[in-house]
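Read through the structure below, which is laid out as structure tokens, and then see the notes.
Below, chains carry the letters A, B, ... as their sequence lines are ordered, and counting in each starts from 1.
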Amino acid sequence: MDKAYDPKSTEERVYRLWEEGGYFTPKIDKTKKPFTILLPLPNANDPMHMGHALFTVQDILVRYHRMKGDPTLWLPGGDHAGIETQYVFEKQLAKQDKSRFDFDRATLYQMIAEFVEKNKTVNRDQMKRLGFSLDWTRYRYSLDPDIVAIILDTFRKLHADGLAYRDERLVNFCTKCGTGFSDLEVKHVEQTDPLYYMKYGPFVLATVRPETKFGDTAVAVHPKDKRYKDWVGKEIEVEGLLGTFTVKVIADELIDPKFGTGVAKVTPAHDHKDFDMGKRHNLDMKRVIGFDGRLTAIAGPYAGMKVKAARTKVAEDLAAKGLMDHIDTKYLHTVGVCYKCGTVLEPLPIPQWYVKAKPLADAAADAVKKKKTVIKPLKRFEKMYFDWLKNILDWNISRQVVWGPRIPIWYCLDCNPSVHLSFIAKNGAKTSGTYQEVKRAHTVEEISSGIQTVMAPIGTTYALDSSACKACGGTDVIQETDTFDTWFLSSQWPMTTLGFPDHEDFTYFYPTSVLDTMWDILFFWVARMMMIGLYRTGNVPFEVIHLHSRVVDAKGQKMSKSKGNVMNPIEMVDKYGADALRFALIFGAAPGSDISISDDKVRGMRNFANKLWNIGRFISMNLDSASKDSGNPLDSRNQTGNEEVPYYDETMHKKLTDPNDKRIISEVNMLAAGVTKDIERYRFSDAAQKLYDFTWHRLADVHVEKNKERFKAGDAQALAVVRHVFFMTLKLLHPFMPFVTEAVYQKIPGWNGIPLIVAPWPSLL
RNA sequence: GGACCUGUAGCUCAGUGGUAGAGCGUUCGACUCACAUUCGAAAGGUCAGAGGUUCGAUACCUCUCAGGUCCACCA
């Protein structure tokens, strides 16, 4: 054995041994309850970051259960990651001075597919580097045809049950990414903007968005506001930049009399509150802002200007005309921005597909209340879960990106000759108008390839999965151009990967045992898996939800590219070995709180791996010399003869005489009990601390040091005991540090030939 | 505007109703025959502040101060 443990020369070899031995693939045994974890599917095109390295928690659980003899499945996969991937891909395009508008839909889709295909293996190889014992024979990709088939089927069922519907509402739309989002994906940021107090007919009112004035269809006050009560219901004349116009004064509870002057302009097409008021008061909706983020023809001379520029210009022009009362330049408020690119989101009215969430959410909450699924490790995560489900809004599943499965709905153009199409075609040519108008200028392929969505109005006749209209039999049909929200696919991961409804894997492994992920996707993913899983299978998708926290740097700061403190897990593996990184991530991390990691910490754990190696080396040497004739008749070791050191067993256990042996045996038994309990309770850090302390400070510093003379003298009992204790230690440590433990285990004389990965978990003697 | 979390050794963090712990760092001493990725020893904390409950609080409660997070359609 080498003097120091060398991860580089060991890890790849050991992983290959495991993989070739087929140990990651469970044997289905119907008499045993399986242990199953689904890997939270990383984006197929993304390299790993430290967060992924935390999946070590899952590997610990999986390896522990495998050693306990449970049929254990840890299933890996990759996510096509709709908008995320398209965003990354578009950045690449931008480097070549191209954009999504330069390609038709089919071409763009194909290009992204090839891009993902090229990158798919990267994180797979990286996970192997970390030692994750994933069953690669079951690797699934979210766009595998059989997976997509289940997804589409779920949509059909939701539709048939009245839980999927189409509606035109204000959608938070990113004009840069060209897609709308669900409310969950909106990031709120505080910023200071000018608050314009403009003269508005007989009133002065405050707004941050004077450029939307062209879309105003009312003015609102609070019903109880005495200042304005005589105006309610009246029409007022307002002098504007495009001449004088008339709007109605309405009274609505949504208006805060204390804000500004207590009067608000109402722009139903571009403000969430105004949209609600518009519905209540039956107001017209005038679109001032288009999908490209520019003002529409309604804005007259301002048409074509981008929102921000238009705002400044409109404000200037209003001031020039004497219509600006004053400006509060220090108005602090929050705006919604695109979580991807940071662009301020525009609320725009677009018909979208929604999933009615309440009934599904109630079932999901109920399952946790009834403890069919348990959320660990903190009570507050459960509270977060309940709160979100309680206040849930319907889920917008339409995305105007090409990268994903298209929603299986067809609009009939014979029934709806006036279906409005609005899309940006090849070469950036924006196109809109009725279908017939558009058709004259474009081929059908170009139309259905439109990057933007078909703006079919509500009430349009549509068919599911049909090439002919069910109402009129017409064949001039066009498929919904929107694709599914990625999370709609991932919400079904436990079903789709296992082969719902009748694959052997599904019947055996569902519901899965544990779902371990970071709490930040509790709503995006976990809660929705609960909702859809229960809806389709009638059963929860997992028994335990275990939420871990984020990995932060040595100063407790969140890792981010802009701070430059991002740590690459693979670099750490190269430098100190996978075991060191894994142990560092687990060691000293309280359940549910941030996990800080530093180069120093990983190095410290590398030292621990090395310590373990050298204990093994020392024991090996002593066992070797005790059992082999050195050939030198004067060698004192020959006095003990050539006999193999016997195995430690029940008989020897009962006959133990040496107090040192007795003590270490008792200590290692306590350790085994403690570590087992800690793992069962998801107290991984506690287990790691116990293992570290025992291995280094009890076994090495005390027991080995104290008994060196006995080992040297070839004391069979001493050697049998120390080997037994070391074997146990290796077993207990294996889930945490799989590589070094496996490597050392196989080097100890007396090893029974069975790899540690499937060695039985220690039972107490 | 709601809800929540954190404040313990120089740093990052565990922890418990009853003399305060780890890793890293620091200081001193050792090339001891498994390991210098080591060994031996040591220094270092009114456990944020104030009040309360208790025989007793770092731990439970209240408030204050300081950080941080999540949720939310405030023109």
>> Would you say that A:W519 contacts A:S549 through its side chain, given a criterion of any heavy-atom pair below 4.5 Å between the two side chains?
In response: yes

> Given side chains that start at C-beta, do those of A:R311 and A:Y196 come closer than 4.5 Å, heavy atoms only?
Replying inline: yes

Tell me which nucleotide among [options] gets nearest to the side chain of [X].
X      : options             : value
A:K712 : B:A34, B:C33, B:G15 : B:C33
A:K273 : B:C74, B:A14, B:C39 : B:C74
A:K383 : B:C35, B:A3, B:C70  : B:A3
A:D276 : B:C4, B:C73, B:C74  : B:C73
A:H188 : B:U37, B:G15, B:A72 : B:A72
A:R603 : B:C24, B:C35, B:C70 : B:C24
A:T334 : B:C24, B:C71, B:C74 : B:C74
A:R683 : B:C13, B:G23, B:G15 : B:G15
A:Q689 : B:A22, B:C35, B:C71 : B:A22
A:M621 : B:C70, B:A34, B:U37 : B:A34

Using the [atom1] atom on both, measure [N] against [M] and round to a whole Å.
N     : M     : atom1 : result
B:G10 : B:U69 : P     : 26 Å
B:U8  : B:G2  : C1'   : 31 Å
B:G23 : B:C33 : C1'   : 30 Å
B:A43 : B:U27 : P     : 16 Å
B:G44 : B:C61 : C1'   : 32 Å
B:G25 : B:U16 : C1'   : 26 Å
B:U38 : B:C24 : P     : 8 Å
B:C31 : B:C39 : C1'   : 11 Å

>> Is a donor from one side chain sitting under 3.5 angstrom from an acceptor on the other, for A:W613 and A:D2?
In response: no

Could you state the [atom1]-[atom2] distance from [X] to [N], rounded to the nearest angstrom?
X      : N     : atom1 : atom2 : result
A:I595 : B:G68 : CD1   : P     : 20 Å
A:D693 : B:G21 : CG    : C1'   : 11 Å
A:K279 : B:C73 : NZ    : P     : 16 Å
A:F523 : B:A72 : CZ    : P     : 8 Å
A:K187 : B:U69 : NZ    : C1'   : 14 Å
A:L389 : B:A3  : CG    : P     : 19 Å
A:N622 : B:C35 : CG    : P     : 12 Å
A:R380 : B:C71 : CZ    : P     : 13 Å

Does the [X] side chain pair with the main chain of [Y], one donor and one acceptor, at a distance under 3.5 Å?
X      : Y      : answer
A:T312 : A:K308 : yes
A:H222 : A:D256 : no
A:D274 : A:T267 : yes
A:E705 : A:V702 : no

When you measure from the side-chain N and O atoms of [X] to the phosphate of [N], is any distance below 4.0 Å, counting only OP1 and OP2?
X      : N     : answer
A:N607 : B:U38 : yes
A:S593 : B:A14 : yes
A:K3   : B:A36 : yes
A:R550 : B:C70 : no
A:W696 : B:G23 : no

>> Here's one to test your reading of the geometry: is the NZ or CZ of A:K708 within 45 degrees of the ring axis of A:F618 and under 6.0 Å from its centre?
In response: yes

>> Could you tell me if A:K611 sits above the aromatic ring of A:Y692, with its cationic atom closer than 6.0 Å to the ring centre and no more than 45 degrees from the axis?
In response: no

Under 4.0 Å, counting only non-hydrogen atoms across every strand here, what does [X] touch: a base, just sugar-phosphate, or nothing?
X      : value
A:L205 : nothing
A:A590 : sugar-phosphate
A:H697 : sugar-phosphate
A:R617 : sugar-phosphate
A:V704 : base
A:F275 : nothing
A:D701 : sugar-phosphate
A:D256 : base
A:R169 : nothing

>> Taking atom types as they are modelled, would you say the side chain of A:K708 forms a donor-acceptor pair with the base of B:A34 within the 3.5 Å cutoff?
In response: yes

>> Between the base of B:C24 and the side chain of A:K601, is there a donor and acceptor pair under 3.5 angstrom?
In response: no

> Can you tell me which stems RNA chain B forms when a stem means 3 or more consecutive Watson-Crick or G-U pairs under 3.5 Å?
Replying inline: B:1-7 with B:65-71, B:10-13 with B:21-24, B:26-30 with B:38-42, B:48-52 with B:60-64

> For RNA chain B, whose closest nucleotide is more 5', that of A:M605 or that of A:N614?
Replying inline: A:M605

>> Using the side chain to side chain donor-acceptor pair (under 3.5 Å) definition, which of the options A:D167, A:D394, A:N396 pairs with A:Q352?
In response: A:N396

> Do A:F181 and A:F173 have ring centroids that are under 6.0 Å from one another?
Replying inline: no

